[in-house]
Amino acid sequence: MAYLGEEIRKLGFGLMRLPKNGEVIDVEQTKVMVDRFMEAGFTYFDTAWAYAGSEDAIRQALVERYPRESFQLATKNAAWIDCKTREEAVSQFDVSLKQTGAGYFDFYLLHNLGESRTKFFDDFDMWSFVQEKKQEGLIRHVGFSFHSTPEELEAILKAHPEMEFVQLQINYGDWENPAIQSRACYEMARKYGKPVIIMEPVKGGMLASPPEPVAEIFRKADPRASLASWAIRFAASLEGVITVLSGMSSLEQMEDNLSYMKEFTGLSENQQQTLDEARQVLARIPLIPCTTCNYCAKVCPEGIGISGSFTAMNYLTLYRNQAAAKGQEEWMVKKHGKKPASACIKCGKCEQVCPQHIQIRQELEKVAAVL
């Protein structure tokens, strides 16, 4: 099915996690992966100004080696990163054009809207800037990527009906997760008639190695299918989806994705039941029942990132991935200007206002010890 007049198959190549030689992107390996992707009939590539080295790598691996009309290239503007003026924000577009050598962008996104980040796009009036570039023929389709609540998403969609699509974090693990609210955000985008591009379908690789009780359900249902394939296919089965981005970093990952997405038509009823069962098992794994209402944050005298700490701890419990959990804590706590769990003075004010009756002081102590 075509969206926005574009014929795009349901698998997109996310360029955030390209293969590397040490700290440098391996362009030659990337070329091999690009060739395999294009050979299989897939054409959508997703990069960003903020993905270090990615735009330059895709210029060498794709743009300089294939006719421009044979692929779609998406990139993104992160006005909230080190931009003090509108000129600095809009300059990201020119840098992206130069680094990719693409001439124009098929899809251009205002990147990672939500929370305090949206204000930068408002203050710099990036909304009108991208429309100007569209009128100049330098952008074909304009949209935004989003990480926040469905209520905030609705406010943006109401304020900017000219946005043509939304990019959302959607996967079966986050579908009912109160911290991510994948389902509610997806349904909000569809309520306003916006097609969706899906990011993080495998949750940064975590759903490629889910907790063993979940993995066992999938193996029993289909011993030949990779665990990652269930996550990708879940996302690709949703209505109104332009494409599902997979951040492939090896040829092996690409071959796995191509094996089931090349002729993909949707999940069968039995497969959907298997995913529902897996999600229910995942939901029963003992997690801190934080709903990120942040009532605790309003009364904490130390300014601790309580909900962010709990989300990071839940990542560790679910996916047994220490590095990912620490990365989550870095983003949700430190990058949001909050103090770590270790700063707790155990005053107990947070527990007096917690609707979920969480023993917050005890849980923060566990977070501090583990992370």
Side-chain angles (χ1 to χ4, degrees), residues 78 80-82 84 112-120 122-123 146-156 169 171 173-185 188 200 203-204 206 211 279 281-371:
W80 45 275
I81 298 181
D82 299 328
K84 301 294 189 295
N112 198 4
L113 272 69
E115 301 173 327
S116 60
R117 299 178 298 279
T118 305
K119 187 175 186 296
F120 287 88
D122 293 340
D123 288 350
F146 180 83
H147 288 278
S148 194
T149 65
E151 292 79 15
E152 191 173 354
L153 176 58
E154 181 169 36
I156 294 172
Q169 177 174 326
N171 55 69
D174 288 331
W175 192 237
E176 304 289 358
N177 182 341
I180 308 296
Q181 301 188 73
S182 279
R183 179 175 187 162
C185 286
M188 187 61 71
E200 302 291 354
K203 205 172 174 69
M206 292 183 190
R279 190 186 300 113
V281 169
L282 197 61
R284 287 198 295 269
I285 294 173
L287 302 174
I288 303 170
C290 175
T291 63
T292 66
C293 69
N294 286 320
Y295 292 158
C296 55
K298 292 180 173 64
V299 299
C300 177
E302 296 300 306
I304 294 170
I306 298 173
S307 65
S309 296
F310 290 168
T311 297
M313 191 67 172
N314 285 341
Y315 262 59
L316 186 61
T317 301
L318 282 171
Y319 306 110
R320 309 182 307 281
N321 188 319
Q322 184 91 4
K326 286 185 175 181
Q328 191 73 8
E329 184 193 34
E330 175 75 18
W331 168 249
M332 299 193 75
V333 179
K334 296 174 185 174
K335 294 293 186 182
H336 281 72
K338 301 292 185 180
K339 291 183 181 178
S342 58
C344 178
I345 60 173
K346 302 189 185 304
C347 66
K349 290 182 179 179
C350 52
E351 293 178 11
Q352 296 171 15
V353 300
C354 178
Q356 309 304 321
H357 308 293
I358 299 170
Q359 293 181 310
I360 295 176
R361 289 171 289 183
Q362 181 178 319
E363 296 293 350
L364 285 176
E365 192 172 340
K366 292 178 185 177
V367 173
V370 175
L371 296 178

Ile156 side, atom CD1; Ser148 side, atom OG - distance, nearest 0.5 Å: 7.5 Å
With a 4.5 Å heavy-atom cut-off, do Pro211 and Leu282 have their side chains touching? yes
Enumerate, atom names and distances included, each donor-acceptor pair closer than 3.5 Å involving a side-chain atom of residues 320-332, sequence neighbours excluded.
{"unit_1": "Asn321", "atom_1": "OD1", "unit_2": "Ala323", "atom_2": "N", "d": "3.3"}
{"unit_1": "Asn321", "atom_1": "OD1", "unit_2": "Ala324", "atom_2": "N", "d": "2.8"}
{"unit_1": "Gln322", "atom_1": "NE2", "unit_2": "Val370", "atom_2": "O", "d": "2.9"}

Can you tell me if Asp174 uses its side chain to pair, donor with acceptor, with the backbone of Asn177 under 3.5 Å? no
Answer yes or no: are there more than 12 heavy-atom neighbours, outside Glu154 itself, under 6.0 Å from its atom CD? yes
Tell me whether the count of non-hydrogen atoms from other residues, nucleotides or ligands lying under 6.0 Å of NZ in Lys346 goes above 12. yes
Check the surroundings of atom CD in Glu115: do more than 12 heavy atoms from other residues, nucleotides or ligands lie under 6.0 Å from it? yes
Spacing of CZ belonging to Phe120 relative to CG belonging to Asp82, to within rounding of 0.5 Å: 9.5 Å
Determine whether Met313 and Lys366 make a side-chain contact, defined as any pair of heavy atoms from C-beta on separated by less than 4.5 Å. yes
Any heavy-atom pair between the side chains of Arg361 and Cys344 that's under 4.5 Å? yes
So, taking the atom named CG in Asn112 and the one named OG1 in Thr118, what distance separates them when rounded to the nearest 0.5 Å? 8.5 Å
What's the spacing between Ile306 CD1 and Cys350 SG if we round to 0.5 Å? 4.5 Å
Quick one: closest heavy-atom pair of Lys349 and Pro301, and the distance? CD-CD, 4.4 Å
Is there a side chain to side chain contact (heavy atoms under 4.5 Å, CB included) between Leu364 and Phe310? Walk through the geometry before answering. CA-CA 8 Å; Leu364 285 176; Phe310 290 168; 3.8 Å; yes
